[in-house]
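Chain letters run A, B, ... following the sequence lines, proteins first, then strands; residues in each count from 1.
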Protein chains: 2
Amino acid sequence: MRKRRATIEDVASLAGVSIKTVSRVVNREPNVRASTTASVKKAITKLDYRPNPSARNLASHRARLIVLVYDDPSTYDAPSAGYIIKLQEGALRACRSEGFELLIHPCSHRDSGVGAELQEQIRQIRPSGIVVAAPLSNLPEIVDAVKATNTPYVRLSTGTGNGKQYEVATNDRDISAGMTRYLAELGHTRIAFIRGDRTHLAVGNRFWGYRDGLEQCGLPFAEELVVEGDNSIGSGEKCAEQLLQMENRPTAIFAANDDMAAGVVRAAARMRIGIPDQLSVAGCDDISLAQMIFPALTTIRQPLSAMAHAASKALIDSARGRPHEPGLEVVPGEIIIRESTGPVPRNA
Amino acid sequence: MRKRRATIEDVASLAGVSIKTVSRVVNREPNVRASTTASVKKAITKLDYRPNPSARNLASHRARLIVLVYDDPSTYDAPSAGYIIKLQEGALRACRSEGFELLIHPCSHRDSGVGAELQEQIRQIRPSGIVVAAPLSNLPEIVDAVKATNTPYVRLSTGTGNGKQYEVATNDRDISAGMTRYLAELGHTRIAFIRGDRTHLAVGNRFWGYRDGLEQCGLPFAEELVVEGDNSIGSGEKCAEQLLQMENRPTAIFAANDDMAAGVVRAAARMRIGIPDQLSVAGCDDISLAQMIFPALTTIRQPLSAMAHAASKALIDSARGRPHEPGLEVVPGEIIIRESTGPVPRNA
DNA sequence: GTTGAATTTGGCAGCGCTGTCAATTCTGTT
DNA sequence: AACAGAATTGACAGCGCTGCCAAATTCAAC
């Protein structure tokens, strides 16, 4: 019943060429006559031939694999699952279309010795490339371990593209400026900002974008309208209380991430401040919670899938001998307007 | 700098044995003298030898890979990310500890022809085994495609274990009965149930568990206390309204999933019915939202990670020639008591 | 036509390991 | 001590493919 899979030899003899020529066709190598290519392809189709990955890897000394390294969500209370799924989605899309496979590699950077372990495992797998997702992409221990394996890698959202290697990031700063302008266009002049964890680079960039945005609209920057959160819902709630108790309170609050924005929504509900009638709220990240709460959050969608796709594609191209130019590839984010923002209230 | 990786030959000559003996030690095959094993192991350590996976796969005609097939979350509005991450976590744990790799394989069962495509891709990969997660594990198109590849596979939560093959599931029915009993022990006698999508088998089992639980406590089953949802938050909200408008309304509502339970919480808030003072609410699944909403949901945690682990382990064992007994392996769920349940109100 | 270069094809040696089977060494028994 | 049988080890042929290099063919220009 289950007949033996066709091998390269079967194809070669059916097409009347040598196995080497079949190999050339399969690998799209140059210098094969078009007619030859055609007959080989016909034989491949006829026999339903699929190259054996192990044999290719063994002979070519590298596996057609991309490894995606990311912060292990199970080590903390995984609301980041959506983040990871999106990264996986993008990486998988790139891999599948190029005949590569994706190996996922969560790793908990809290453990000591993750670096060594990661290095060891990558050594064993020998992938064609490694995608390192934020926030791991900013941790020296992880990055050094990856570097030590001597495998091509691409870091995502390092926030510090030095231009010496290919990197992928989003335009956090620009798009945050864009969100600020959007709020200003709605008539808001007192736009508050809730900063996040300072060690998180991407989150830091958003603050600069906020300042840029104010400046672009000719709005003054006011120290009093900036408060410091820690990325959590709870901190968003606290920050919001502080801001909303001011006598001349802001009419819009822009939070450096969605969790904190959700906290703002909660605080406003408790204080009976209507959203968006009396207060506009914007977040960043477009986590799934953003559209589940009421009112649904206006936010910035990070192009995670597209970023992971770009990074994986670059690695695959590089494995094929067509490395991408060093430098920062910027994948733009997108402002998602939902229910939590609206025109400035009349009385303000 | 980067010296050639040690091969089995290097180990063999250092240990003074044949490569076959090294192979035996590495693969833990029987009939090797303890002293030989020891010296080979020493050589392996000394040389930091790692078997080349491609070479092993090529020679042994199968890859040390497990494929995890699940419903593609990107096709719908992915709140299921947490579900998938947990499955991945368990499968990964099993694979890593056994020297296998995990390949993830989301597939959108809505597309026509997924079956053929899946089959094709598995054929190419030639994994040692396939774990098929719910709800895909109940779709004939997917299951048939997997079966056609002639690769060992394990289905998760089919709800229909026929005992003819090894399967993994949780004790949905029992644990739902347990939740019902827990509510009864809190003094509730009017416990309502919100059913979910009827085509979802696991969700269906929970209704039977609810009935079992009532019976075990000597509580009557009342048709009027059972309403029909569709697994969504919105439907939970509607069902709750219906239940809470009854003259002799229930004091506890048990929903077949957390989304619907979250809907109940929302409806209760709107109707100014205090939770858990006036109403207890329980859900199923322990989605991340469950602990983010207020009050945090009492729910049933599905042992997703443990189930995926068990399934993967079974496949790995089977690849090693130690197949598990056919039959249903039940991994028990866990009742997580949070804030949304409490004693029956006095006046009720 | 002829020549030299460019293009296209083929031959074949591995890649590092496992499966098969045969050879060797070790048991316990008579 | 001799012998069957079990336990242990080794030899060697691939697994299916790619890399390297040589051979064959085609092409371009004279």
Side-chain angles (χ1 to χ4, degrees), chain A residues 3-41 43-44 47-65 99-100 123-126 128 319-321, chain B residues 3-41 43-44 47-65 99-100 123-126 128 319-321:
Chain A
K3 56 179 183 290
R4 193 179 59 85
R5 301 244 359 207
T7 73
I8 199 169
E9 301 229 36
D10 303 326
V11 176
S13 63
L14 179 60
V17 297
S18 73
I19 59 168
K20 182 63 229 194
T21 300
V22 176
S23 171
R24 287 194 178 93
V25 172
V26 169
N27 294 294
R28 294 191 193 78
E29 283 174 34
N31 298 333
V32 179
R33 196 167 311 173
S35 60
T36 312
T37 304
S39 70
V40 169
K41 280 195 171 157
I44 288 176
L47 296 173
D48 190 29
Y49 166 73
R50 303 283 146 191
N52 178 321
S54 297
R56 305 176 90 177
N57 296 344
L58 180 58
S60 65
H61 301 280
R62 62 186 164 69
R64 278 152 188 78
L65 288 174
F100 275 56
R123 278 243 165 105
Q124 169 146 6
I125 298 169
R126 290 177 235 209
S128 295
R320 295 236 169 92
Chain B
K3 55 180 186 291
R4 193 179 58 85
R5 301 242 0 204
T7 73
I8 199 170
E9 301 230 36
D10 302 328
V11 176
S13 64
L14 179 61
V17 297
S18 72
I19 59 168
K20 182 63 225 192
T21 299
V22 176
S23 172
R24 287 195 178 94
V25 171
V26 168
N27 294 293
R28 295 193 193 77
E29 284 174 30
N31 297 334
V32 180
R33 198 165 309 170
S35 61
T36 313
T37 303
S39 70
V40 170
K41 280 193 171 157
I44 288 177
L47 297 173
D48 191 29
Y49 166 73
R50 304 283 146 189
N52 178 320
S54 298
R56 305 176 92 177
N57 296 343
L58 180 57
S60 64
H61 303 277
R62 62 188 161 70
R64 278 152 189 78
L65 288 174
F100 276 57
R123 278 243 165 104
Q124 170 145 5
I125 298 169
R126 288 177 237 209
S128 296
R320 295 235 169 93

**Request:** Kindly give the heavy-atom pair with the smallest separation between L58(B) and S54(A), and that separation in Å.
**Result:** N-CB, 3.8 Å
**Message:** On DNA chain D, does the nearest nucleotide to H61(A) precede the nearest nucleotide to L58(A) from the 5' side, or the other way round? Give the residue.
**Reply:** L58(A)
Name the atoms and distances for all side-chain donor-acceptor pairs under 3.5 Å in residues 24-35 of chain B, with sequence neighbours left out.
from: N27(B); atom 1: OD1; to: R56(B); atom 2: NH2; distance (Å): 2.7
from: N27(B); atom 1: ND2; to: S23(B); atom 2: O; distance (Å): 2.8
from: N27(B); atom 1: ND2; to: S23(B); atom 2: OG; distance (Å): 3.4

**Item:** Nearest-angstrom distance from the residue atom CZ of R62(B) to C1' of dG19(C)
**Value:** 12 Å
**Complete:** When rounded to whole Å, the CZ to C1' distance for the pair R64(A) and dG16(D) reads 12 Å
**Message:** So if I take the C1' atoms of five pairs at each end of the helix from dG1(C)-dC30(D) to dT30(C)-dA1(D) and get each local axis, what angle do the two axes make, rounded to 10 degrees?
**Reply:** 30°
**Prompt:** How does protein contact run along nucleotides 6-11 of chain C, one letter per nucleotide 5' to 3', with B for base contact, S for sugar-phosphate only, - for none, heavy atoms under 4.0 Å?
**Reply:** --BBBB
**Request:** Kindly write out the residues that satisfy side-chain contact (heavy atoms from CB on, under 4.5 Å) with A59(B), not counting sequence neighbours, or none if the list is empty.
**Result:** none
**Asked** For the pair made of CZ in R126(B) and P in dG16(D), what is the distance, rounded to whole Å?
**Response** 8 Å
**Among dT18(C), dG14(C), dG19(D), the one nearest E29(A) by side-chain distance** = dG19(D)
**Asked** How many angstroms lie between CG in N57(B) and OG in S128(B), if you round to the nearest 0.5 Å?
**Response** 7.5 Å
**Item:** Under the salt bridge (Lys or Arg N to Asp or Glu O under 4.0 Å) test, residues paired with R50(A) that sit two or more places apart
**Value:** D48(A), E120(B)
**Prompt:** If every non-hydrogen atom of Y49(A) is compared with every non-hydrogen atom of A6(A), which pair is closest and at what distance?
**Reply:** CD1-O, 3.3 Å
**Prompt:** Given atom CD1 of I44(B) and atom C1' of dG16(C), what is their separation to the nearest angstrom?
**Reply:** 14 Å
**Message:** Is there a side-chain contact between N52(B) and the phosphate of dC15(C), meaning an N or O under 4.0 Å from OP1 or OP2?
**Reply:** no
**Asked** Sequence neighbours excluded, which residues qualify as side-chain contact (heavy atoms from CB on, under 4.5 Å) partners of L14(A)?
**Response** A43(A), K46(A), L47(A)
**Asked** Would V22(A) and V17(A) count as a side chain to side chain contact (heavy atoms under 4.5 Å, CB included) if you check the C-alpha gap in whole Å, the side-chain angles of each, and the deciding distance to 0.1 Å?
**Response** CA-CA 7 Å; V22(A) 176; V17(A) 297; 3.8 Å; yes
**Asked** Below 4.0 angstrom from OP1 or OP2 of dC17(D), is there any side-chain N or O of N57(A)?
**Response** no
**Prompt:** Any sub-3.5 Å donor-acceptor pair from R126(A)'s side-chain atoms to P53(B)'s backbone N or O?
**Reply:** no
**Message:** Measure CD1/I8(B) against C1'/dA11(D) and give the value in whole Å, please.
**Reply:** 14 Å
